[in-house]
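What you are looking at is a predicted structure, and each value in this text was computed from that prediction instead of being measured. Reminder, nothing fancy here: chain letters follow the sequence lines and each chain counts from 1. Atoms considered below: every heavy atom in the structure, side chains included; atoms not considered: hydrogens, waters and symmetry mates.
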Amino acid sequence: MPRTNDEAAAALQEYAELFALTGGDAFRVRSYQKAAKAIAGYPRDIGSADVRQVPGVGDAIAKKVTEYLERGSFRQLDDLRSKVPDGVRRLTRVPTLGPKTAMMLFDRFQIDSPAALAEAIEGGRLKGVKGMGPKTLDNLLRGIAQLEAAQGKVHIGVAMEVAERVVESLSEYAERIDYAGSLRRMKDLVGDVDVLAVASPEIMDRFKEQPYVSEVIASGRKKTSVRTSAGLQVDLRVVPAESWGAAMQYFTGSKEHNVAVREMAVKKGWKLSEYGLFDGDTVLAAADEAEIYTALGMQYVPPPMREGHGEVAAALRGELPTLVEISDLKGDLHTHTDLTDGIASLEDMVAAAARRGYSYYAVTDHAPDLAMQRMTLDKARAQREALRALQASHPKMHLLHGTELNIGPDGSVDWPEEILAEFDVRVASVHSHFQQSKAEMTARFIAACENPGVDVIGHPTTRKIGRRGPVDADWEAVFKAAARTGTVMEIDSYPDRSDLPADLVRLARHHGVKFSIDSDSHAIPHLDHQRFGIGIAQRAWLTPDDVVNTWSLTRLRRFLKG
DNA sequence: GCCGTTTTCGGCCCGACTGTTTTCAGTCG
């Protein structure tokens, strides 16, 4: 993963936001955003490639990026950063609060954080302000509450990038090094990153020197805690080589899982700690994590299952399911191209998918009802022809032409059944009217499931971590409808979506629903995101049989409607 | 600020919803 690209893209995105906040031209804002997106999704490292090759990057942006690569910022960004307090930018994170309102709140009321805004609303300071009626204020308060719910945590995509970077940057100083904690359990929200190392204490100094470290919180011989530039806390612990496995077991958690495992040890008259499994002074297991589970007479419990949801009892009975693995996936059923809001061409996306060794691959660009995408039936059909023509160059991978439909407020989708029948895969997703009542939303999803032209419900809860909460629906009723109609529920692997989340996957599976683990790729690097979807699936104890895109194409086609 | 098979200027992703307004600004996907 080209990290330089992500960082440069983040700087440009920040610049776009600041530029918008200070009343900059909207078309230029869009240019910066477009370039940021293109750089983030560019398959080559812009540190070594010419950034001008990236579509949407011209002379002016290339100059900014070049300066950023040299010194970690650029002049115009520094200027705007000094003009706009950080808190104003944070204000725009509140749903329904955009740049105009944020700037007004700062200029007129010196409000510079979501917390200050909540205080001002509750104190009645904004009563009677033009454009700020009771409903608006109420919505803002709810938005702030939502924001605070995820506070201090980041989604797995951010945490994984930090963790992998820490591990990579320190591996030359360590005999062993790996991340543990909730990230290893593949939780969708991560509060901090735990890294364990077998190394000499000098690794702590090397750690503190890393460019991604913005603040050292605490530092000793055994443990150092830092905050990274992404705002995430990382704890590095040096552990003895002979207790590596026990330390991984202990620091991977969860607390509930560890309590249950330790109880097993106690029942046998043994003791389990981060240093090993002991019978008195005798070491029964310590260096190897799996041996600890074996010594306790149970199956090895994969980290995503370690949540205290009965996995210890199941492992003792030898009844843990065989979890779906990334290598089981035979394809991807939800991806985009630059025909709509993706940034890579059909040819490039298909070629990248082929390199992954898939047996099948569906292109599912947006359907017309999402007006901004300017999709038409003619364009979709032309894309289908182009895809069929590409098939000859990819003899090992079956190309499927799909679409991502929009589920309207009443549950209907973009096209009538006879048009839907032309597509190989029909994903249908909610992209509007997020505020519907629970009853309306439930009826909406059920109607979509009952549509014979809908195969998969895409990113069902429509949440965006840190930005938008899930829609309200009676999921039990929706899943029953999905199971009854043979409608697949998607596990959208895009890390800020992680949707369905694991608890809902578990509920859906209980009702007999099948799943597809899709990347929802909008650029070539996004194809990698399926690993996050696999994490969700494993947390929900899914087996390959539960996941339709582990199946052969023949079985998949038989299962899909129409 | 970017871009070009109407190419160096003049467009650029469009339309709908929400809450407010009395005709529309702001926000979103």
* Specify the separation, in whole Å, of atom CD of A:Q373 and atom C1' of B:dC28. => 13 Å
* Asked: What is the distance from CG of A:D59 to C1' of B:dC3, rounded to the nearest Å?
  -> 12 Å
* Take the protein atom CG of A:L137 and the nucleotide atom C1' of B:dT18, then report the distance between them rounded to whole Å. => 14 Å
* To do: Using both distances under 3.5 Å as the test, list the Watson-Crick or G-U wobble partner of B:dT18, or none.
  => B:dA25
* Inspect the surroundings of CD in A:E119 and state if more than 12 heavy atoms from other residues, nucleotides or ligands are less than 6.0 Å away. => no
* To do: Answer yes or no: are there more than 12 heavy-atom neighbours, outside A:K34 itself, under 6.0 Å from its atom NZ?
  => no
* **Distance below 4.0 Å between A:R30 side-chain N/O and B:dC12 OP1 or OP2** => no
* Asked: Rounded to the nearest Å, what distance is computed from the CZ atom of residue A:R28 to the C1' atom of nucleotide B:dC13?
  -> 20 Å
* Taking the P atom of each, how far is B:dC14 from B:dT20, in whole Å? -> 29 Å
* Rounding to the closest angstrom, what is the interatomic distance between B:dA16 and B:dG10 at atom C1'? -> 27 Å
* Are A:N139 and B:dT18 close enough that a side-chain N or O sits under 4.0 Å from OP1 or OP2? -> no
* Do any side-chain nitrogens or oxygens of A:T96 fall under 4.0 Å of OP1 or OP2 in B:dC28? -> no
* Asked: Is the phosphate of B:dC12, meaning OP1 or OP2, less than 4.0 Å from a side-chain N or O of A:K34?
  -> no
* To do: Could you measure between the two C1' atoms, the one in B:dT5 and the one in B:dG1, and give it in whole Å?
  => 23 Å
* Atom pair distance, as rounded to whole Å: NE2 in A:H336 and C1' in B:dG29 -> 12 Å
* To do: Could you work out the separation of B:dG29 and B:dT22 based on their P atoms and round it to a whole Å?
  => 28 Å
